[in-house]
Amino acid sequence: MSVVTRFAPSPTGFLHIGGARTALYNWLFARRHDGRYLLRIEDTDTAREVPGAVEQIIESLTWLGIPPDEPPVSQRARQERHAEVARQLVAMGRAYYAYETPEELQAMRERAIAEGRPPRYDGAWRDRDPADAPPGVPGAIRLKAPRQGETVVEDLVQGTVRVANAELDDMIILRSDGRPTYLHAVVVDDHDMGITHVIRGDDHLTNTFRQCQVYDAMGWARPAFAHIPLIHGQDGAKLSKRHGAVSVLDFRDQGYLPEAVANYLLRLGWGHGDIEVIAMDEAARIFDLADVGRAAARFDYQKLAHLNGIWLRRADDERLTRLVLERLARRTEGAVGAITAERIAKLMAGLKERARTLEDLTDAAAFLARTVPLPMEPKAEGLLTPEARIALRELAASWNGVAWEPAALEAATRAHAEAKAMKLKDLAMPLRAALTGSTTSPPVFDVAAALGREETLARIAAVSG
RNA sequence: GUCCCGUUCGUCUAGAGGCCUAGGACUCGGCCCUUUCAAGGCCGCAACACGGGUUCGAAUCCCGUACGGGACGCCA
């Protein structure tokens, strides 16, 4: 039987990073087994739906490199089918109509809690004659759950999980207004979509027992379940905005690379020996649910940043140049010139070595887009002493006739320093300040080469008069 | 309250009874390299929640305790 997995978010907002990991694991598992990975939108609650959420979820998944294999399925569109199954269950004697009002149920729950009992439906209508039904009142359909024995789930991550059926009450599967409840709709959809493996957050673990009862009542084969732990913030509480970015698109906007985010998410709660840096195609070959941990993991932004630095250095220079130009254009609210683009492309190899995020990279590349006089950082200004300015003027003069490429410039500068009995450092640092306005940059002769002869001399002239 | 799940360095993890004086990674500190900053290399700090068992031997198996999380809705 071929594997079919699904990611099933509700369209109540942006795609949370925790949801992204769930999607990633579904994607990896499907890839690993040459199966299909589907997306289902759990949109039965129209009141909570956020406009544009579906598009944003798909955009997020696509950015991460894990778009669904097929167009998304809308749960709402399948409501008639959910209702049909619920009625079928009634016809089979596995479900029944119950007529308590929501207010009565609420009161029942409160009373139970006050008396120290578990808040469960008492099953009042379970054995009552349907003829007793109050006229004109639409009932809700409840599943007639087994009262003896236990329900056992063989979870691929959590192991064997069991609960006494006496702990479970008769859940509502179809609301009195005819709309299905989530627990029921999920089962019907997963069955109809041929889902073989349900991989989801472990907040659904205890719901699984009830869902299994629906499968069992319908005589449907249960899919395999895998409940993965949730992601927490640094303080152990559920990851939320106050911890930092939580939406996938936030990470994109903050300058993280999708392959780094995916890599980090994969390693958060999953391990495979000592490997840390792993590409998704490689991961798809070795991913195993048995290697997923069972405890909640805390999100560590620093480790993500470190990983992002690694992927940044591995990334193609052309791609990075394009991404930096986009960011630069957004900052200056205008297109960046061809000359700047050329300089950035030329220096990218040195630039990316020093950055962790695209934001860092853009900061570091910004000086290439400027014109004289350059804004100077205080530390850079400090390097440009009167003596240093004179030395720079002499250095520039000594470059006459030198080939404009890093090795030749460096050789010429070293020779000049030696002739002047100066340390290379005492020329290189002021030069860096003059060319970049900063005390840190890629190797300064690479900078000079990227800037070109004319611009380099102009920048030196601007500080040495 | 009831039920379910979990617990290895600060964090992510390796570990499936002897290979563990517990390994790797992030962070932090030191050194090296070096025109700066990074990157890289080397070194260091730092953990099996606790208590009982089982066993010749337990981070690994069993039980209990503590702590953490989750679920108990005509939300998803």
Side-chain angles (χ1 to χ4, degrees), chain A residues 8-12 42-45 47-48 75 98 100-102 105-106 109 112-120 139-142 153 155 158-159 161-164 166-169 171-177 179-183 185-186 201-210 227 229-230 232 234 236-238 264 267-277 293-307 309-310 313 350-356 360 364 379 383 410 413-414 417 423-429 431-433 436 438-445:
Chain A
S10 57
T12 49
E42 314 255 70
D43 51 4
T44 52
D45 187 352
R48 294 208 309 159
Q75 189 159 68
E100 290 85 0
T101 64
L105 293 172
Q106 180 64 27
R109 258 193 305 278
I113 289 170
E115 292 169 14
R117 287 179 293 115
R120 287 195 260 282
I141 297 181
R142 282 183 183 268
V153 175
D155 193 278
Q158 305 291 339
V161 185
R162 53 183 71 220
V163 69
E167 297 293 334
L168 273 18
D169 63 0
M171 67 161 168
I172 290 174
I173 57 178
L174 198 71
R175 286 179 258 254
S176 49
D177 65 3
R179 287 159 54 237
T181 57
Y182 164 78
L183 252 19
V186 164
D202 73 4
D203 49 338
H204 289 291
L205 183 58
T206 51
N207 285 333
T208 306
F209 299 119
R210 312 177 109 93
H227 288 91
L230 267 18
H232 288 170
Q234 209 77 107
K238 196 172 159 189
Y264 180 72
R267 281 287 290 105
L268 192 64
W270 175 89
H272 188 83
D274 285 341
I275 61 167
E276 296 283 347
V277 181
R294 291 196 265 204
R298 298 182 186 208
F299 199 96
D300 184 352
Y301 291 91
Q302 284 190 305
K303 190 155 184 177
L304 201 215
H306 173 260
L307 225 31
I310 290 173
R313 270 171 263 132
L351 249 16
K352 72 180 181 185
E353 190 78 19
R354 295 163 170 73
R356 301 190 117 196
D360 297 344
K379 272 193 203 162
L383 284 170
E410 179 171 347
T413 305
R414 281 186 188 277
K423 285 192 213 155
L424 181 61
K425 182 181 181 172
D426 294 327
L427 278 175
M429 284 308 288
L431 179 60
R432 168 170 289 113
T436 69
S438 162
T439 54
T440 68
S441 82
V444 74
F445 301 111

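All figures in this text were calculated on a predicted structure; none of them were measured in a lab.
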Least distance between heavy atoms, A:T181 atom then A:I172 atom: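 That closest heavy-atom pairing would be OG1-O, 2.8 Å.
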
Heavy-atom pair of closest approach, residues A:H232 and A:A296: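 Smallest heavy-atom distance, with atoms named: CE1-CB, 3.5 Å.
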
Strictly below 4.0 Å: does [X] bring a side-chain N or O up to OP1 or OP2 of [N]?
X	N	result
A:R109	B:rC74	yes
A:R267	B:rG24	no
A:R175	B:rC75	yes
A:T12	B:rA76	no

Using the [atom1] atoms only, state how far [M] lies from [N], rounded to an integer number of Å.
N	M	atom1	value
B:rU13	B:rU54	P	34 Å
B:rG29	B:rC45	P	16 Å
B:rG6	B:rG44	P	36 Å
B:rG24	B:rA71	C1'	36 Å
B:rG41	B:rC50	C1'	41 Å
B:rG52	B:rC4	C1'	25 Å
B:rU27	B:rA22	P	23 Å
B:rA46	B:rC5	P	36 Å

Distance, rounded to the nearest Å, where [X] contributes [atom1] and [N] contributes [atom2]:
X	N	atom1	atom2	answer
A:R120	B:rC3	CZ	P	9 Å
A:E353	B:rG40	CD	C1'	9 Å
A:D155	B:rC5	CG	P	10 Å
A:W270	B:rC12	CH2	P	17 Å

Salt-bridge present (A:E276, A:K303; N to O < 4.0 Å): yes

Basic-acidic side-chain contact under 4.0 Å: A:R210, A:D169: yes

Categorize [X] for me: base, sugar-phosphate, or nothing, with a 4.0 angstrom heavy-atom threshold over every strand shown.
X	value
A:Q106	nothing
A:H227	nothing
A:R294	sugar-phosphate
A:N207	base
A:S10	sugar-phosphate
A:P443	base
A:R210	nothing
A:E167	sugar-phosphate
A:R298	sugar-phosphate
A:V444	base
A:R313	sugar-phosphate
A:I172	base

Sequence-distant partners of A:F299, ring-ring contact (aromatic ring centres under 6.0 Å, His included), two or more places apart: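 If we apply the ring-ring contact (aromatic ring centres under 6.0 Å, His included) test to A:F299, skipping adjacent residues, the hits are A:F251, A:Y264, A:Y301.
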
5′-ward residue of the pair A:E42/A:P442 relative to RNA chain B: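 First, find each residue's nearest nucleotide; the 5'-ward one identifies A:P442.
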
Upstream residue (5' side of RNA chain B) when A:P102 and A:F445 are each assigned their closest nucleotide: A:F445

[X], nearest nucleotide to its side chain (from [options]):
X	options	value
A:D300	B:rC3, B:rG70, B:rU11	B:rU11
A:Q158	B:rG6, B:rC4, B:rU13	B:rG6
A:K303	B:rU7, B:rG24, B:rG70	B:rG24
A:H306	B:rU27, B:rC12, B:rG1	B:rU27
A:T206	B:rG73, B:rU7, B:rG70	B:rG70
A:R432	B:rU2, B:rU35, B:rA76	B:rU35
A:Q302	B:rA38, B:rC26, B:rU13	B:rC26
A:R142	B:rC37, B:rC74, B:rA25	B:rC74
A:R356	B:rC26, B:rA76, B:rC4	B:rC26
A:K425	B:rC4, B:rU35, B:rC72	B:rU35

Pairwise distance OG1(A:T436) to CG(A:L431) - rounded to 0.5 angstrom: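 If I round to the nearest 0.5 Å, the distance is 9.0 Å.
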
Nearest-0.5 Å distance that lies between atom CD in A:E167 and atom OG1 in A:T206: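 Atom-to-atom, A:E167:CD and A:T206:OG1 are 11.5 Å apart.
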
Across all strands shown, which nucleotide pairs with [N] by Watson-Crick or G-U wobble geometry, both distances under 3.5 Å?
N	answer
B:rU36	none
B:rA49	B:rU65
B:rG57	none
B:rU2	B:rA71

Distance-only donor-acceptor test (3.5 Å): side chain A:T181, base B:rC74: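 A donor-acceptor contact between them is absent.
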
No-H, no-angle donor-acceptor pair, A:D274 side chain to B:rG23 base, under 3.5 Å: yes

Pair A:R432, A:S441: side-chain N/O donor-acceptor within cut-off below 3.5 Å: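 A pair is found: one side chain offers a donor N or O, the other an acceptor, under 3.5 Å apart.
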
